[in-house]
Amino acid sequence: MVSGPLAPGVFTAIAARLSVELEARAIVSLNGVGLLVEDRAIQSISARSHAYRTPTPASRGGPPAMVSGTLAGSITHDLTGLSMRVGTAAGRFPPYGKGRTPSSLYGLYLEKLGAGINHITYPFLKPAFEAVRPGMSTVVRAAFVGFGAG
């Protein structure tokens, strides 16, 4: 307990130390949430599979079925400062077909725009986020255990 006035710069030093610790822990928590969403999206895509040029066993509005694994393998998360994105990495192509579509564009078709002649969507990122949302607070709390101590 402090008695009397603080020496000049003490409060500023404490606030600066807490600010650095807060940002570091926020990055840890964002990374943990990104991994949760990424893992869930990969699991949902990997649940069903089929051979190239055969009908998909995926249900309308459900996650896509895996063909080559390129889409699932391209799912990642990216941290830039205190901003985090989960999605498909650029530059990944399936090992088959002419005029191959990169997995990042294919993922966009499946998630939002619709694939094939009927433009059916097979979302996998937003449902993954919604599925892990209840557990996110646990990840965030774990990152902040002991915050400000010492």
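Note that the coordinates shown come from a computational prediction; the quantities given were computed from them, not determined experimentally. Side-chain atoms are counted along with the backbone in the values below, which use heavy atoms only and exclude waters and symmetry mates. Nothing fancy with the numbering, it's 1 onward along the sequence.
Here the side chain of Glu38 pairs a donor or acceptor atom with the backbone of His77 at under 3.5 angstrom.
Summarising the geometry of Thr56 relative to Tyr122, their closest heavy-atom pair is CG2-OH, 3.9 Å, with the distance given to 0.1 Å. The two residues Ser59 and Arg48 make their nearest non-hydrogen contact at OG-NH1, 3.5 Å. Closest non-hydrogen pair, Gly146 versus Glu21, comes out as O-OE2, 4.0 Å. Between Ala58 and Ala65, the closest heavy-atom pair is CB-N, 3.7 Å. Closest approach of Thr88 and Ser104 over heavy atoms only: OG1-CA, 3.1 Å. Between Gly73 and Arg92, the closest heavy-atom pair is O-NH1, 2.8 Å.
Two different hydrophobic clusters hold Leu30 and Val28 under the rule that ILVMFWY side chains link at heavy-atom gaps under 4.5 Å. With hydrophobic clusters built from ILVMFWY side chains whose heavy atoms lie under 4.5 angstrom apart, Met84 shares a cluster with Val140.
Within a 6.0 Å sphere centred on CZ of Arg85, heavy atoms belonging to other residues, nucleotides or ligands number 12 at most.
The distance from the OG1 atom of Thr12 to the CZ atom of Arg17 is 13.5 Å, given to the nearest 0.5 Å. Once rounded to the nearest 0.5 Å, the distance linking CE of Met66 with NE2 of His50 reads 10.0 Å. In this structure, Ile75 CD1 and Leu125 CG are separated by 5.5 Å, a value rounded to the nearest 0.5 Å. To the nearest 0.5 angstrom, Phe129 atom CZ is 4.0 Å from Met136 atom CE. Atom OG1 of Thr121 is separated from atom NZ of Lys112 by 11.0 Å, given to the nearest 0.5 angstrom.
Side-chain atoms of Tyr52 and Ser68, non-hydrogen and from C-beta on, never get closer than 4.5 Å to each other. In this structure, His119 and Leu113 have side chains that are not in contact, with every pair of non-hydrogen atoms separated by 4.5 Å or more.
Sorted pairs that involve residues 128-142 and meet side-chain hydrogen bond (donor to acceptor under 3.5 Å, both in side chains), not counting sequence neighbours, are lacking altogether.
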